[in-house]
Amino acid sequence: MLFHNKLIAWYLQNKRYLPWRETKNPYAIWLSEIILQQTRVAQGLPYFEAFLTTYPTVFDLADAKEDDIMRLWQGLGYYSRARNLHATAKKIAYERNGVFPDNYKDLLTLKGVGEYTAAAIASIAFDQIVPVVDGNVFRVLARIYGITSDISASSTKKEFQLLASELISPNEPATFNQAIMDFGAIQCTPKSPLCHNCPFTNDCVAFQTNQIENLPVKLGKVKVKKRYLDFFIFLDNNKKTLIEQRTQKDIWQQLYQFPIVDRFVDNKIDVHSILQDKYPSIKYENITLLNTEHIIHILSHQKLHIHFWLINTSENIDKGTYWKDLNNFGFPIVIHNFINSLNLKHLTKQ
DNA sequence: AATACGGGGTT
DNA sequence: AACCCAGTATT
């Protein structure tokens, strides 16, 4: 039996219900694919629903304020996706009358749309015969075909694209692509794959040679830098605080934060001199370290050690934001969670 | 070709 | 603690 027939047969019996599979609307499919980049279905699902409800069409998304998009994206990570999402929505809405490109090559020109996403949209929305190669496809094909190339090497992708292009069903490319990804997510999982009832065990090189644990081959480990962040939470008698937007090319671009001291060495900071230096006009009554233990927050390339300082002042912070309005802004999730953990009354009493 | 970019779930 | 997730853009 042909590979694609066997795979699709498995899919029809085992596929997940996913809302973006109930439509051929390129906008909804594009939205789902951007959200799902490096993101588990379970994590992305509520964001997909929220975006589609808030912005039912590409025109609604194009007309949105970037800050609102960033706030809705809050907690999903890889925030350049949200910025590129907005840029592409504007392009589709204003330059193309809301019409998405209908083929792989033209989809590839959109911001935030790379080889995987272009192939996914081209096949799923427009039935083009273009194979997707994502983490699932790497794993499934590496095992079944016994491919030992290092999947973290950028040159390896071509090898898998070529194989996948030979395997894809020419009649049902959309179904095939979703099938191979579901198969990787459900059956051929990274750890403890379900080989006992797998339809491919007779063909699977990794299974036949007892190499399931060793495939795919992934070399190269990311080095994680330690970084030390101290945030200053000013609070005046009107319950206003100071926030700022991160505009530099760095983590959390375009999100908001409290005034910060940020360094890559674990040295003590002198809060008083920093305040005098950076905020000489603000006289403060009280400085309190709100978390005696570092808050640890792990990113893909950085391990953050975070302190939050409360600075009570009796002077009015003119450019401040009312505490109750903080939820109108997108914050890094670690800051958002800390804000929600605080009891405002307790803070103002000090 | 290598690196940066989030946050969370699994093992 | 390591691994990985429906990857992309930048260097």
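Here is how names work: the chains are called A, B, and so on, in the same order as the sequence lines, proteins then strands, and each is numbered from 1.
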Self-check item: Nearest-Å distance once atom C1' is located in both dT8(C) and dG9(B)
Solution: 22 Å
Exercise. Please state how far atom CD1 in I180(A) lies from atom P in dC5(C), giving the value in whole angstrom units.
Key: 13 Å
Practice problem: Verify, without hydrogens or angle tests, whether N286(A) (side chain) and N312(A) (backbone) share a donor-acceptor contact under 3.5 angstrom. | Solution: no
Quiz item: What does S155(A) touch in the nucleic acid at a heavy-atom separation under 4.0 angstrom: a base, only the sugar-phosphate, or nothing?
Solution: sugar-phosphate
Exercise. Starting at the 5' end of nucleotides 6-11 of chain C, put B wherever the base has a protein heavy atom under 4.0 Å, S where only the sugar-phosphate does, and a dash everywhere else.
Key: BBSSSS
Practice problem: May I ask you to say what Q253(A) touches in the nucleic acid, namely base, sugar-phosphate or nothing, with a heavy-atom cut-off under 4.0 Å? | Solution: nothing
Quiz item: Where does the chain A footprint on DNA chain B start and end, counting 5' to 3' with a 4.0 Å heavy-atom cut-off?
Solution: dA1(B) to dT11(B)
Quiz item: When we call it a touch if two heavy atoms are under 4.0 Å apart, what does I34(A) touch: a base, just sugar-phosphate, or nothing?
Solution: nothing
Quiz item: With D127(A), which residues qualify under salt bridge (charged side-chain N to carboxylate O under 4.0 Å, His left out), at least two apart?
Solution: K24(A)
Quiz item: Rounding to the closest angstrom, what is the interatomic distance between dA4(B) and dA6(C) at atom P?
Solution: 24 Å
Quiz item: Starting at the 5' end of DNA chain B and moving along, which residue's nearest nucleotide shows up first, F331(A) or K223(A)?
Solution: K223(A)
Quiz item: Within a radius of less than 6.0 Å around NZ of K278(A), do more than 12 heavy atoms belonging to other residues, nucleotides or ligands occur?
Solution: yes
Quiz item: Side-chain contact, heavy-atom cut-off 4.5 Å: V334(A) with W252(A)?
Solution: yes
Self-check item: Rounded distance in Å - CD1 (I151(A)) to P (dC4(C))
Solution: 7 Å
Run the side-chain donor-acceptor check on residues 169-176 of chain A: report pairs under 3.5 Å with partners two or more places apart or on a different chain.
| residue | atom | partner | partner atom | Å |
| --- | --- | --- | --- | --- |
| S169(A) | OG | N171(A) | N | 3.3 |
| S169(A) | OG | E172(A) | N | 2.9 |

Please tabulate, for the side chains in residues 130-138 of chain A, all donor-acceptor contacts under 3.5 angstrom to protein atoms that are two or more places apart in sequence or on a different chain.
| residue | atom | partner | partner atom | Å |
| --- | --- | --- | --- | --- |
| D134(A) | OD1 | N136(A) | N | 3.1 |
| D134(A) | OD1 | V137(A) | N | 2.9 |
| D134(A) | OD2 | N136(A) | ND2 | 3.0 |
| N136(A) | OD1 | R139(A) | NH2 | 2.9 |
| N136(A) | OD1 | A185(A) | N | 3.4 |

Self-check item: K324(A) NZ/CZ over Y322(A) ring centroid, <6.0 Å and within 45° of normal
Solution: yes
Quiz item: Going by heavy atoms in the side chains, are Q254(A) and E66(A) under 4.5 Å from each other?
Solution: yes
Practice problem: Between L299(A) and S152(A), just flag the one whose closest nucleotide in DNA chain B comes earlier from the 5' side. | Solution: S152(A)
Practice problem: Determine which pairs satisfy ring-ring contact (aromatic ring centres under 6.0 Å, His included) with at least one residue from residues 89-113 of chain A, sequence neighbours left out, and list them in order. | Solution: W30(A)-F100(A)
Quiz prompt | Spacing of I186(A) atom CD1 relative to dC5(C) atom P, expressed in whole Å | solution = 14 Å
